[in-house]
Peer 1: 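One structure follows; several queries about it will come next.
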Amino acid sequence: MTTDLTVSGLSRHFPGAPAPAIADLDLAVEPGTCVAIVGPSGCGKSSLLRIIAGLDTADHGQIALDGQRVDDVVPERRGVALAFQQPRLFPHMSVLDNVAFPLEAHGLSRAASRREASTYLEVVGMQALAKRRPATLSGGQEQRVALARALAARPRLLLLDEPFSALDPATRTEMQALLRRVREAINITVVLVTHDRDEAGAVGDRVGVMLAGRIAQIDALEDLYYRPRSLEIHRFLGGVNEIPGTVTASTHASSLGALAVAEPYAAAQGPHVMVCRPESLSLVDADAAADVHGVVSDVSRQGMRQRVAVDASGISLSVDAGPHVDARVGDRVGVGIPLAVRHLVRASR
Amino acid sequence: MSQTEAVVWEGRRRPARRVESRARRWGRLSAIAVSVALLVVPMIPVAITAFADVWRYPALLPQVWGWSGWDRAFASGAAEAFATSVSIGAAVAVLATAMGAMAGRALAFHQRRWTPGVIVLLALPMALPPYAIAMGLTTTVLAVRMPSIAAIVVILTAFSLPYTTLVARAGYLAYEHEFEDVARTLGASRRMVWWRVRARLMAPVFATAAFLAFLVAWSDYIVTLLISGGTVITLPQALAAAQSGTGNAATVAALAIITVLPPAAVLIISVAIDRKAARHDH
């Protein structure tokens with residue numbers, strides 16, 4: 001049985017803090033899905049999970065599981081397991097007893113708990129290390145055990161608070177794959193928070209961007225990247241190209257000239273900022289047909305790709321190019337902005 | 001560095017590590033040996049005296065070995081004094097550790113403006129002469145007509161509280177509260193969290209606090225004397241009484257050994273708890 005989560009109007013202002021950690025936040029998670037919440041440090045992600053788990057109390061708002069309010073239910077009866085960034089395996093227990101702990105808490109005998117705990121260890125591939133002490137495990141192994149322990153609690157909802165952020169990149173990728181496999185094996189509703197945009201995209205069916213205590217947008221990762229609702233979301237997700245202008249009759253007019261916009265923006269009128277991601281733009285020769293012409297002002301390497309900054313009529317456009325593109329500072333170039341990636345965001349007043 | 005040099009360097013590195021670890025092991029063993037020597041060597045003459053039925057100057061060892069010192073010690077009530085001391089020590093250790101744990105937790109988790117002031121107040125009895133504090137507390141318990149043993153336990157508990165509270169506070173400050181949060185979201189009741197998580201993780205801290213409280217009670221002389229007026233005899237009092245006489249060195253030595261053994265046993269137990277916890281952490 002899977003569970004849906006509904007959070008509405010949630011607020012939490014810690015005494016002495018200049019701004020609320022959570023401000024009138026709404027969130028809906030469908031049964032059996034995984035929502036990854038991504039946001040900068042201090043945006044209230046962990047506070048949100050602690051309140052959903054019952055470890056902290058909201059000033060206002062409601063939390064419901066399967067439509068039933070759980071605001072007043074103590075954490076141990078809420079059916080919500082929370083795994084932290086640090087696995088927090090009990091150091092005085094073996095791996096097996098750590099996983100058996102929630103089963104004992106639910107009333108099973110020690111022997112029965114251990115028997116069942118073995119099956120959860122098998123799910124995460126840790127059965128061979130059942131007798132080991134947590135202190136003898138690697139970071140990745142500890143997180144696997146922590147995941148098995150959380151699943152052994154048979155939660156209605158699994159909350160993961162930056163569970164893989166302390167791991168090295170290879171182990172992190174491995175753990176993300178493990179989480180996907182576990183979700184296939186055990187159909188469970190998951191909310192994961194992370195500051196890693198790639199991780200959010202790798203594990204979440206939908207990704208929510210949390211800024212200043214509220215969910216600013218929740219969508220598929222592609223929509224967040226290419227159709228952000230605000231400049232703040234665009235910027236948080238690494239967007240750097242912003243072309244301020246005015247929209248009239250499906251045309252965005254700016255210092256770059258008139259650029260047509262696609263059908264979904266036909267109704268847009270007035271001041272709008274056109275945003276487009278560097279990986280969607282292309283560099284062309286200066287004498288070729290292009291949407292914009294300009295001069296290369298900077299070239300920087302980003303792994304196997306290079307980011308080329310083009311100064312066009314006072315607006316800087318960043319374009320991601322392959323390793324073999326020979327662009328040098330001072331070169332005159334053309335920039336292609338495909339119609340499909342010209343996204344409009346209403347200009348803030 | 002050439003490849004050959006690198007191989008030679010690697011070849012030397014491993015023995016160097018072995019030497020370092022051997023040196024560390026020797027250092028540790030030396031430290032243990034010195035500590036044991038400091039504790040045990042002074043007790044050797046005492047132990048010899050306890051079994052010396054006849055030992056006249058200038059002989060290096062007793063002329064006659066025997067149990068007369070022990071016989072006299074037990075005949076003078078050493079067993080009863082031992083039982084009284086153990087009872088008082090255990091009661092004070094339990095009460096002071098329990099109260100210190102609560103106070104230490106409050107001071108660690110609920111920091112207020114007045115927290116430093118409370119800590120200074122708590123530490124004050126350690127800086128003042130015990131006699132002065134004992135006199136004040138004694139007057140109070142006599143005024144409320146508290147029975148002697150209970151009054152002794154209460155006053156020694158008050159004496160021990162600064163130690164147990166400060167030890168518990170330090171332990172709680174280092175305590176990772178997220179373990180309890182995890183346990184609760186895993187379905188553990190408050191009682192289960194306390195017993196299966198907090199008590200186990202804090203066991204070394206509580207053991208240290210209990211050991212200190214036990215030592216305070218075990219070594220007390222003045223409070224017991226002032227409160228009971230000689231009706232409650234503990235080991236330090238039996239020892240002092242024997243010491244005040246002449247010609248009973250063997251009895252004094254036997255009582256001294258009996259006095260030393262329980263704290264040593266408690267120390268060994270608390271170190272064992274600490275080592276067990278350390279093994280879990282590494």
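Every chain is numbered from 1 and lettered A, B, ... according to where its sequence line falls, protein lines coming before strand lines.
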Peer 1: Counting C-beta onward and ignoring hydrogens, is there a side-chain heavy-atom pair between Leu151(A) and Leu158(A) closer than 4.5 Å?
Peer 2: yes
Peer 1: Do you know the tightest heavy-atom contact between Asp220(B) and Thr234(B)?
Peer 2: O-OG1, 4.2 Å
Peer 1: Distance to the ring centre below 6.0 angstrom and angle to the axis at most 45 degrees; does that hold for Arg200(B) and Trp195(B)?
Peer 2: yes
Peer 1: Output the distance between atom OG1 (Thr189(A)) and atom CG (Asp66(A)), rounded to the nearest 0.5 Å.
Peer 2: 8.0 Å
Peer 1: Mind checking which of residues 102-114 of chain A sit less than 4.5 Å from chain B, heavy atom to heavy atom?
Peer 2: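 Hits under 4.5 Å: Pro102(A), Glu104(A), Ala105(A), His106(A), Arg110(A).
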Peer 1: Does Asp196(A) reach the side chain of Arg172(A), with side-chain heavy atoms less than 4.5 Å apart?
Peer 2: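 They are in side-chain contact.
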Peer 1: Locate the shortest heavy-atom distance separating Leu107(B) from Val118(B); write the atom from each residue and the value.
Peer 2: CD2-CG1, 3.7 Å
Peer 1: Using the rule given for side-chain contact (heavy atoms from CB on, under 4.5 Å), can you reason through Arg78(A) versus Ile63(A), listing the C-alpha separation, both sets of side-chain angles and the distance that settles it, and then say yes or no?
Peer 2: CA-CA 11 Å; Arg78(A) 208 172 267 212; Ile63(A) 299 163; 4.2 Å; yes
Peer 1: Counting heavy atoms not belonging to Met99(B), are there more than 12 under 6.0 Å from its CE?
Peer 2: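 Atom CE in Met99(B) is not crowded, with 12 or fewer foreign heavy atoms closer than 6.0 Å.
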Peer 1: Compare every heavy atom of Pro263(B) with every heavy atom of Leu215(B), then report the nearest pair and how far apart it is.
Peer 2: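 What the structure gives for the nearest pair is CD2-CB, 3.7 Å.
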Peer 1: Indicate the atoms forming the closest heavy-atom contact of Glu162(A) with His195(A), along with that distance.
Peer 2: OE1-ND1, 2.7 Å
Peer 1: Using a heavy-atom distance cut-off of less than 4.5 Å, which residues of residues 31-61 of chain A contact chain B?
Peer 2: Arg50(A), Ala53(A), Leu55(A)
Peer 1: When only pairs under 4.5 Å are counted, which of Arg149(A), Arg154(A), Gln86(A), Arg77(A) shares the most heavy-atom pairs with chain B?
Peer 2: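 Ranked by heavy-atom pairs under 4.5 Å with chain B, first place is Arg149(A).
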Peer 1: Considering heavy atoms only, which positions within residues 172-187 of chain B lie below 4.5 Å of chain A?
Peer 2: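 So the qualifying residues are Glu176(B), Glu178(B), Phe179(B), Asp181(B), Val182(B), Ala183(B), Arg184(B), Thr185(B), Leu186(B), Gly187(B).
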Peer 1: Give me the atom names and distance for the closest heavy-atom approach of Pro204(B) to Thr208(B).
Peer 2: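 So the two residues come closest at O-OG1, 2.8 Å.
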Peer 1: Could you walk me through whether Ile257(B) and Val260(B) pass side-chain contact (heavy atoms from CB on, under 4.5 Å), step by step?
Peer 2: CA-CA 5 Å; Ile257(B) 289 171; Val260(B) 162; 5.8 Å; no
Peer 1: Please identify each residue that fulfils ring-ring contact (aromatic ring centres under 6.0 Å, His included) with Phe101(A), with sequence neighbours left out.
Peer 2: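 Expected list: Phe90(A).
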